[in-house]
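Every chain is numbered from 1 and lettered A, B, ... according to where its sequence line falls, protein lines coming before strand lines. Side chains included, hydrogens not; waters and symmetry mates left out as well; all remaining heavy atoms used.
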Amino acid sequence: MEVSAVCLSATTSASASVSPFLSFFGARKIRERGRTLTSLSVAVQETQAPTTDSAATTSSTSNSRGSLSVRTRFNSPVRRSSIDEVKACSDPVSALSRVEGVLQVQDFNIILRHFGESRRWSEISQCIGLTNAIPLQTVEIHIFDWMQNCGKINFASYSSFFKYMGLSRNPNKALEIYYGIPDKSLKVNVSVCNSILGCMMANGRFDSSLKLFELMKDDGLSPDLVTYSTLLSGCIKAKHGYSKATQLVKELQNKGLSMDSVTYGTLLAICASNNLCNEAEMYFTQMKNEGHSPNVFHYSSLLNAYSGEGKYLKAEKLVNEMKASGLAPNKVTLTTLLKVYARGHLFEKSQELLSELETLGYAADEMPYCIIMDHLAKAGHLLEAKKIFAQMKEKDVKSDGYSYSIMISALCRDGSLNEAKELAKDFEKKFDKYDLVIVNNLLRAYCNAGDLESVMHMLKKMDGLSINPDWNTFHILIKYFCREKLYHLAFKTIEDMNGKGHQLNETLFSQLLSGGGFRSNCNKSEVLSCSPLVMGFPSEAFSIYNMLRYSKRTLCKSLHQRMFSILVRAGLLKDAYVVMKDNSQSLSAKSLEKFAMSFMKSEYFGLIICISKLFVLLFPSDKDVFSTTVSRYIATPAKKDLLLHLLKWMSVLGYCVDSSSRNLLLKNAHLFGNKQIIAEILSKQHGMSRKNKTNKT
DNA sequence: TTAGGGTTAG
């Protein structure tokens with residue numbers, strides 16, 4: 001999906017999105033360029049008019065660099081005030097046009113950065129009343145478009161622009177602009193590349209960022225250490241981040257680059273997030289050996305890596321080493337040490353450290369409490385966790401709702417469903433901050449407690465807050481809707497989930513088909529007979545079955561059988577045929593025959609032939625299906641060509657019709673126009689079969 | 001005042 005985003009953007013030109021201003025600015029640009037090209041010396045003389053400095057005049061005419069320095073010197077106050085004017089203006093683009101002749105590219109860059117640094121993404125009149133979903137009409141884009149259109153742009157402008165597009169979460173806009181850069185050398189400028197790669201990484205576009213990096217190298221980019229450290233930063237949260245990171249490290253070393261303290265810091269974080277404490281230790285040692293002194297971040301990351309395996313002795317030793325080196329452990333370091341204890345189930349030590357954090361003033365927010373509570377609850381000490389939660393509230397510790405989230409989830413796991421629901425309600429009363437994890441926890445609590453009203457309310461809230469459901473959300477809802485026998489809602493949710501690119505869990509679907517709610521002990525007869533869900537919605541079930549099939553996974557055999565039986569039973573024979581076509585090996589002979597016999601009554605004459613062929617191949621000695629086929633075509637002579645085709649096909653493969661079908665065909669041969677044709681085919685088959693029998697004996 | 005990083009919670 002990410003890759004397609006890249007391709008999509010590649011085909012969109014930057015100018016396509018530019019407003020009616022385009023023609024105006026385009027004309028202006030040409031005029032300005034003409035002026036610059038034809039009368040540079042005049043312009044320089046104009047700027048020098050107030051002075052008699054002949055040395056400046058000389059330097060200005062000698063080379064362009066000289067003229068720039070003169071302009072800078074002479075116009076500084078004017079330029080400064082012009083820059084300030086634009087900064088202060090409520091309509092910066094119109095102000096830009098006013099000062100266009102006075103300012104230079106670097107001045108416009110200063111203006112661009114001013115709006116970027118003050119994070120004024122949406123400070124423009126058009127944006128009022130618009131939601132965050134339409135973030136493109138932001139101040140810096142207008143300024144930037146203007147700069148582009150007027151040719152007041154250089155590598156630094158692009159570099160800054162991409163950085164702000166990253167911060168304002170507009171990686172697509174950044175890509176669009178990047179692909180629209182007309183100057184090829186600018187496109188592989190290392191700063192420009194580093195900046196857009198950073199923008200992508202900051203927005204979770206790890207895969208497409210790496211892909212873009214490869215394209216950039218093909219186009220002539222020479223990556224530097226900043227490039228690699230940018231790419232490495234994306235490895236922290238990426239799947240298989242560590243192996244990608246080692247590839248990148250090899251690559252940078254092959255290019256003759258050496259890692260610095262920044263790169264090592266990133267690597268340590270990657271190791272920690274992948275629970276690779278040996279690798280973290282290795283990089284930590286290597287870094288020291290190369291003469292880089294670890295700082296508090298390096299220590300904290302290694303400490304974090306120790307938490308994965310509860311290596312508390314090593315962790316304590318590291319903290320001592322850190323102190324000995326003259327670095328004081330900070331709030332994060334000690335909280336991380338607390339995490340080491342908690343993950344190692346050393347709850348007494350964690351509690352002691354928590355008291356220490358409280359004394360130091362490092363426990364003003366809920367994080368250390370959260371760590372202990374979560375691990376206590378997961379280790380089966382729910383009561384202890386509740387005590388910490390109560391203690392936290394008593395001390396009026398600042399909460400952002402994480403502790404509620406942890407406790408709600410713990411109560412759900414424990415089966416304390418009403419308590420979980422009450423806490424969820426409590427959360428909603430106290431906090432107005434929702435994110436996906438808390439939403440999922442609240443939904444789970446309401447679903448478990450069977451509170452449909454709250455579930456629906458929550459879903460509306462998600463819509464309002466533009467919180468997109470994830471795989472978990474969908475699964476929580478689907479299970480709940482099924483349990484409540486709200487099958488139609490369940491199917492709608494599954495379709496929605498599929499549309500959003502999430503794969504349905506096969507086991508969950510299997511349970512859905514069984515219709516036995518979500519009991520794991522459904523027996524076979526229940527599966528086939530008590531399926532209210534599926535009997536009510538066989539088409540929907542089939543559409544979900546197709547979702548699973550197209551997700552390129554190998555489905556378990558019983559699922560095909562189950563789907564097939566349901567479709568045959570519901571009379572959806574054409575759909576059943578689709579299942580049978582690719583999975584006849586997974587279907588029982590009995591169900592196939594039942595299907596074929598039902599199918600013979602249908603109007604799908606072409607498919608009837610296909611089914612007969614399949615039966616000839618699978619069950620050569622079966623006579624029922626074939627003779628039913630013959631009867632069906634005799635009753636419908638208009639389709640006689642299809643039957644003739646079948647008979648010829650059998651002859652070619654050496655199959656022979658059974659005697660009763662043979663008699664039936666001969667008796668009705670007149671229906672096929674020319675009696676001879678049938679007689680010839682049958683006698684040919686008969687002759688071949690006698691020959692075969694003789695050969696066998 | 002061109003671009004990079006890193007530590008703790010659900």
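Ion pairing between a basic and an acidic side chain is recognised when a charged N comes within 4.0 Å of a carboxylate O; Glu422(A) and Lys425(A) show no such pairing.
In this structure, the CZ atom of Phe108(A) is 20 Å from the P atom of dT1(B), given to the nearest Å. Met147(A) places its CE atom 13 Å from the C1' atom of dT1(B), with the value rounded to the nearest Å. Atom CG in Leu257(A) sits about 18 Å away from atom P in dG4(B), given to the nearest Å. The distance between atom CG of Leu197(A) and atom P of dG4(B), rounded to the nearest whole Å, is 11 Å. For the pair Arg343(A) CZ and dT7(B) C1', the interatomic distance rounds to 14 Å; values are reported in whole Å. The CG-C1' distance, from Leu276(A) to dG6(B), rounds to 16 Å in whole Å. Protein atom CG of Leu252(A) is 18 Å distant from nucleotide atom P of dG4(B), rounded to whole Å.
Side-chain proximity of Ser261(A) to dG10(B), dT2(B), dG5(B): nearest is dG5(B). Minimum atom distance to the side chain of Lys378(A) is reached by dG10(B), of the listed dG10(B), dG4(B), dT7(B). Side chain of Asp224(A), nearest nucleotide from dG5(B), dA3(B), dG6(B): dA3(B). Of the listed nucleotides (dA3(B), dA9(B), dT2(B)), dT2(B) has the atom at the smallest distance from the side chain of Phe155(A). Between dA3(B), dG10(B), dT8(B), one nucleotide has an atom nearer to the side chain of Ile406(A) than all others, and that is dG10(B). Considering only the side chain of Ile110(A), dT1(B) comes nearest among dT7(B), dG4(B), dT1(B).
The CD1 atom of Ile153(A) sits 10.5 Å away from atom CH2 of Trp146(A), with the distance rounded to the nearest 0.5 Å.
Remark: Lys173(A) is not positioned above the aromatic ring of Tyr178(A), lacking an NZ or CZ atom under 6.0 angstrom from the ring centre and at most 45 degrees off the axis. Phe206(A) does not carry Lys237(A) over the face of its six-membered ring by the limits of under 6.0 Å from the centre and within 45° of the normal.
Residues of residues 284-306 of chain A having a heavy atom closer than 4.0 Å to DNA chain B, listed by number: Asn295(A), Phe297(A), His298(A), Ser300(A), Ser301(A), Asn304(A). A heavy atom lying under 4.0 Å from DNA chain B marks none of the residues of residues 307-328 of chain A.
Counting non-hydrogen atoms under 4.0 angstrom, Asn189(A) reaches nothing in the nucleic acid. The residue Ile236(A) sits close only to the backbone: its heavy atoms come under 4.0 Å of sugar-phosphate atoms, none of a base. When heavy atoms are screened at a 4.0 angstrom cut-off, Leu337(A) is found touching no nucleic acid atom at all.
Although no hydrogens or angles enter the test, the distance criterion places a donor-acceptor pair under 3.5 Å between the side chain of Ser273(A) and the main chain of Ile270(A).
Here Lys163(A) does not reach the OP1 or OP2 of dT2(B): none of its side-chain N or O atoms lies under 4.0 Å away.
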Original post:
Taking it one step at a time, do Lys398(A) and Asp400(A) satisfy side chain to side chain contact (heavy atoms under 4.5 Å, CB included)?
Top reply: CA-CA 7 Å; Lys398(A) 187 179 158 288; Asp400(A) 286 322; 3.7 Å; yes

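In the displayed structure, Asp432(A) atom CG is contacted under 6.0 Å by at most 12 heavy atoms of other residues, nucleotides or ligands. The number of heavy-atom neighbours closer than 6.0 Å to CD of Glu214(A), taken from other residues, nucleotides and ligands shown, is above 12.
Stacking of Tyr402(A) onto the six-membered ring of dA9(B) is present: less than 5.5 angstrom between centres, less than 30° between planes.
Not a single donor-acceptor contact under 3.5 angstrom links the side-chain atoms of Thr266(A) to the base of dG5(B). Put simply, the side chain of Ser405(A) and the base of dG10(B) share a donor and an acceptor less than 3.5 Å apart. With hydrogens and angles ignored, a donor-acceptor pair closer than 3.5 Å exists between the side chain of Asp435(A) and the base of dG10(B).
Judged by distance alone, the side chains of Tyr341(A) and Gln351(A) never bring a donor and an acceptor atom under 3.5 Å apart. No side-chain N or O of Asn304(A) forms a donor-acceptor pair with one of Thr336(A) less than 3.5 Å apart.
On the C1' atoms, dT7(B) is 24 Å away from dA3(B), given to the nearest whole Å. The gap from the P atom of dT1(B) to that of dG5(B) amounts to 15 Å, rounded to the nearest Å.
Across every non-hydrogen atom of Cys235(A) and Leu248(A), the tightest pair is SG-CD1, 4.1 Å.
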